[in-house]
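Bear in mind the structure is a predicted one, so any value in this text is a computation, not a measurement. Here is how names work: the chains are called A, B, and so on, in the same order as the sequence lines, proteins then strands, and each is numbered from 1. All values below were derived from every heavy atom in this structure, side-chain atoms included, with hydrogens, water molecules and symmetry-related copies excluded.
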Protein chains: 4
Amino acid sequence: MNSIRFCLIGTGRAGLLHARNLRDRLKGADLVAVCDSNPSTLNQCGDELDVDLRFADYREAVRHAEVDAVVIVTPTFLHREIACEAANQGKHVFLEKPMAISIDECLAINEAVKVNDVKLQIGFMRRFDESYLKAKELLDSGKLGRVMVIRSTGRGPGLPPPWIYNLEKSNGILAEVNSHDFDSIRWLADSEFTRVYAEAENFKCLDAKEEWPDFYDNAVATVRFTNGAIGTVNGTCPCHYGYDARMEILCENGVLVIGSIEQHGLTEVLCDGKVIGRAVKSWRNLFKDAYQSEMKHFIECINEDRQPRVSGVDGLKAVEVVVAANQSILKRQSIEIGERETV
Amino acid sequence: MNSIRFCLIGTGRAGLLHARNLRDRLKGADLVAVCDSNPSTLNQCGDELDVDLRFADYREAVRHAEVDAVVIVTPTFLHREIACEAANQGKHVFLEKPMAISIDECLAINEAVKVNDVKLQIGFMRRFDESYLKAKELLDSGKLGRVMVIRSTGRGPGLPPPWIYNLEKSNGILAEVNSHDFDSIRWLADSEFTRVYAEAENFKCLDAKEEWPDFYDNAVATVRFTNGAIGTVNGTCPCHYGYDARMEILCENGVLVIGSIEQHGLTEVLCDGKVIGRAVKSWRNLFKDAYQSEMKHFIECINEDRQPRVSGVDGLKAVEVVVAANQSILKRQSIEIGERETV
Amino acid sequence: MNSIRFCLIGTGRAGLLHARNLRDRLKGADLVAVCDSNPSTLNQCGDELDVDLRFADYREAVRHAEVDAVVIVTPTFLHREIACEAANQGKHVFLEKPMAISIDECLAINEAVKVNDVKLQIGFMRRFDESYLKAKELLDSGKLGRVMVIRSTGRGPGLPPPWIYNLEKSNGILAEVNSHDFDSIRWLADSEFTRVYAEAENFKCLDAKEEWPDFYDNAVATVRFTNGAIGTVNGTCPCHYGYDARMEILCENGVLVIGSIEQHGLTEVLCDGKVIGRAVKSWRNLFKDAYQSEMKHFIECINEDRQPRVSGVDGLKAVEVVVAANQSILKRQSIEIGERETV
Amino acid sequence: MNSIRFCLIGTGRAGLLHARNLRDRLKGADLVAVCDSNPSTLNQCGDELDVDLRFADYREAVRHAEVDAVVIVTPTFLHREIACEAANQGKHVFLEKPMAISIDECLAINEAVKVNDVKLQIGFMRRFDESYLKAKELLDSGKLGRVMVIRSTGRGPGLPPPWIYNLEKSNGILAEVNSHDFDSIRWLADSEFTRVYAEAENFKCLDAKEEWPDFYDNAVATVRFTNGAIGTVNGTCPCHYGYDARMEILCENGVLVIGSIEQHGLTEVLCDGKVIGRAVKSWRNLFKDAYQSEMKHFIECINEDRQPRVSGVDGLKAVEVVVAANQSILKRQSIEIGERETV
């Protein structure tokens, strides 16, 4: 079997992580090309990865005969056009979260993927993390009973890039940071969102306050699922102490807790009685194996002509709840989420 | 200085805990009388505590010349009449949470206390717990910056007593279990509630479903504070694995975490690689010292003619947010909480 | 049944802890007298405890008709004479650890107790701690198989009092701090010591170095049990970060871990990513309930004419292994411990 | 710069781990050959790794012109002859722990390495683990003061292979499992061993008892360092609950704790109040990054003509203390370790 030939589109930090996995750690994949509209980052990335085929324009990239699949890690507002064009050129699409800015954009991507019969996978890598998978397995076993309350904490270090300030362009922190949380609780609760309510505030990004009054850096969203389960997501960015991704799933017969603030390893106890550990620093370490596993799965799905476990429907559902949550914040009221076509 | 002579009114488990503290562990207090409308529990309690003065009717108890103060641990719907009568008879009042069923009842109690110039303390013992106090101290120090998101988990073991099924009589789980959480987040956020939204469901109390369709055994409430902070409370009862009281206070410059599911002490690691600890079982152990401290404070306030740290205003505010949360559950919309007179 | 009337002999911190328990928290006990050769601490203690009967001379105390039992919490080198005299006067004896300085002294106490038919209990309160008791129960159940390696860490805060510098008078840190560890591992391994080897060093008590070259503030002892189990004890005093009492029992089918450095309650996570907890500060908090339970047991044993669970044989065995460990340190070789008469 | 061309000698589990790192994850290295005397494992390994150059005889491997360096992961008793022969052929040597069976063997290897001017690194990967490195850095900073007591726990899952039963051939568990612990405490205490005492017992490998009465599956060794620090190592194999590598370094001004029994990730809390985590399963996961880092270092040292951080002297010192500990077990007495030539 031939290796799948990948082009990375978007060469930021998350893009590089995928690129290194494709090049170094994944059998059946070759990283053959990189693409970025910024020439200097493009060349830096190409040099670092030792990839000669480089594109400034994604249209050329997705048309290139030696590219079988693309990994799209651009700002969200570019996802729709790149993903659709790639699909239309018959390329398989690995698309980072959030899937797109609007439901219509998600529908357009799903339509293009369907029409062109290519594979699409959304980058919800937590579904491939060992702890989340074990939790899913325990929930599916039935021994814990029904999910009652599912709580996800998603706090990311690093200031949000300025393009996120414009919520119409980005859907804000709930989209950029907490898409993972919304997808995870939906997956683990095994049910669809029916209602969402959110509160939000901008505490720390003071430079954005005047121009972007709707921007928030902290939010708490409560969702209701069709099966009665109640979900709650807390999103924060920037989170100065580190990367804090935790989940708690309260069931009829027990509770599952995933993750911790602390990165276990070394504890220092000092004369003053302080017991000092270190917080988890980055998603890159915490989900290192999950990033490899999700891409391994994508490669297998292409090779075996199977549907990826994380589909364009999953991507759309996460966008839908975020859009509704943002409406809720503005209207200070809960927003109902009905059934809809997803392709 | 003479000891304060106490009468316990209501001889259930929480009542006995207070009674034993008054009798055995608190200087300056004498437990001189017990009162319960149920003769058998009254006598059982009196015998166990070795207290001869026993009343079936609280009216007699609060009139007795040898009683200086009462500890009221009856069902909530009786709080108003007993507390007011005690105050009118010039007795100091230690009143278990929740303060009362309605805001009007709270106002009536505060009025009676004010008119008769007696002391009133509400049983929010978490305010006297070492960890909560340390958290408050750290927050007040300013080094953590503003509170952004404050999250409280309050899950109690044991089936709710049937009188709680009727929300008009009890205000439900959010009142009976989570009054503590609402009071704690208001105290630690150092701000007043302005809006609340809640979702709730009855997952486990199936026998109550038909007659009491509004009853819920799980709830998630989101509150907004006047200072912008966002609070969230998860209440659950029954919680089969134990008593789970945790709080997390996310600030601009860090996060404080109070409590844990696990009761640390002994860990068992078995051949199959399972690492087994035990969950915290009961509020009686977890807050043992806090129960003593709150009563010690009440005794000091009487002796030194000071206002107790947990006042009738605090009691009223916790009732107000619970009443609004229950409205929110029924209306599926957020409820605004305005300013009001508290006495 | 009449209350047992106690006299406290030795009014230091540990003495006061027992005294307060006897006075405030234990049914069936009255604290009727206190005794200390230092008049000012005697009166301070008597005033604080509101006890009028006060003795400067233990001989008078143990002869007083209103005293049924004594709690001896003096420096160890006084244990033998006080305990024997108390027994000879027909008083029951609660004796703090270590039992005495030498095996001969232990034998003398056991003889006096036997001849006078009084009760003797040694203050190994860990045997009454909930976690240790649960561990004992699990070990006795057989499900973990045989004990293979049992490790106890005993580190105490606070500088050793100068009389401990003289090992002939005190047997050093291994006696004063680690008697608990030796007793606990013997109890949990359910076997007798047969050999001991120890290494020790004085790292921090520099003022003692010249006059007392044999004094050590850190020691590691390895013991062998008759059933083949291997024990190891690490003793340290002063331990500047707090009171660190932990035990680990490796069995054929698993491992039990008791205790932790950290006192769980509040965790603080700061901007720099430090996750900060606090170390356990004092044995007074850690074993608060165990101190009450051991005395409750002693009272019951007197009332019901039963042998206390922690006997003079247990006290002697802990002295014997410490004496041998100190020999080992000096000789730099292992010391065999044979069978012997214990009374 | 050309890549270093490696030959793996010994294709067991640890060998494969190194091979995969060399092939997939390390720049500047090529895995060009594999060698194993067992033809079926040799070919299985060669196929899996996609390596065509295969040797049944290590003599041919080390002579091959396309091999620059070897990674030796054979049973210990073969280390000396393979390592010397490789050095004599001018190949750089990465040698798994323990370095060899005897001090004389270690000296022979060091001599061959010196004479032939090749690089030698011993596989003490813990020195490259992030937590151990951070501990070393803290100790070196001086803020913790002198090391007083250093304790290492090393327990491995899986039955020992039968060749380990013969202590003359293997030096037993203390060598095969606990070489890491001895090296780590020596490195972190920053001092040399002067005395060792050990107790040991065979609890679980009952089939070995008759033929190999000296074999033990549990041991506790106490070592003394020239700087006064006291070390203690507990070794156990098999350890049925998992791989348990922890270290505790008590210093004058605090204590460092490395590692934990539990593999943090998912915690399950059940109705019966059990809080269930999972033990660390394998060194392959725990030290995954350290295995890559040590090899990266070896490659750099070859390229830059530097001495590897873990030298043949380090290997010899770990062998020396193990040999003395085994003597101690047999003689039931402590064994002095003097200074000696190491090359």
Distance-minimising heavy-atom pair for D:Ala29 and D:Ile299: CB-CD1, 3.5 Å

Heavy-atom closest pair, residues A:Ala69 and A:Ile302: CB-CD1, 4.3 Å

Heavy-atom pairs under 4.5 Å with chain A, option from D:Gly277, D:Gly265, D:Gly273 with the top count: D:Gly265

Shortest non-hydrogen contact between D:Leu16 and D:Leu8, atoms and distance: N-CD2, 4.4 Å

Contact summary for D:Ala14 and D:Val73, nearest pair of heavy atoms: CB-CG1, 3.7 Å

Top contributor to chain D contacts, counting heavy-atom pairs under 4.5 Å, from A:Ile276, A:Val255, A:Val275: A:Val255

Cross-chain donor-acceptor list, chain A x chain D, under 3.5 angstrom:
residue, atom, partner, partner atom, Å
A:Lys143, NZ, D:Glu268, OE2, 2.8
A:Asn253, O, D:Cys271, N, 3.3
A:Val255, N, D:Val269, O, 2.8
A:Val255, O, D:Val269, N, 2.8
A:Val257, N, D:Thr267, O, 2.8
A:Val257, O, D:Thr267, N, 2.8
A:Gly259, N, D:Gly265, O, 2.7
A:Gly265, O, D:Gly259, N, 2.7
A:Thr267, N, D:Val257, O, 2.8
A:Thr267, O, D:Val257, N, 2.8
A:Glu268, OE2, D:Lys143, NZ, 2.8
A:Val269, N, D:Val255, O, 2.8
A:Val269, O, D:Val255, N, 2.8
A:Cys271, N, D:Asn253, O, 3.3
A:Lys288, NZ, D:Asp289, OD1, 3.0
A:Lys288, NZ, D:Asp289, OD2, 3.3
A:Asp289, OD1, D:Lys288, NZ, 3.0
A:Asp289, OD2, D:Lys288, NZ, 3.4

Point-to-point distance, once rounded to the nearest 0.5 Å, from CG of D:Leu26 to CZ of D:Phe6: 8.0 Å

Reported CZ-to-CD1 distance for the pair D:Phe298 and D:Ile4, which is rounded to 0.5 angstrom: 8.5 Å

Greatest number of heavy atom pairs closer than 4.5 Å to chain A - which of D:Cys271, D:Gly259, D:Gly145: D:Cys271

Residue part contacting chain A, namely of D:Leu138, when any heavy atom lies under 4.5 Å: side chain

Nearest-0.5 Å distance, CG of residue A:Leu256 to CG of residue A:Leu188: 8.5 Å

Partners meeting side chain to side chain contact (heavy atoms under 4.5 Å, CB included) with A:Cys251 (sequence neighbours left out): A:Leu139, A:Leu144, A:Val147, A:Ile249

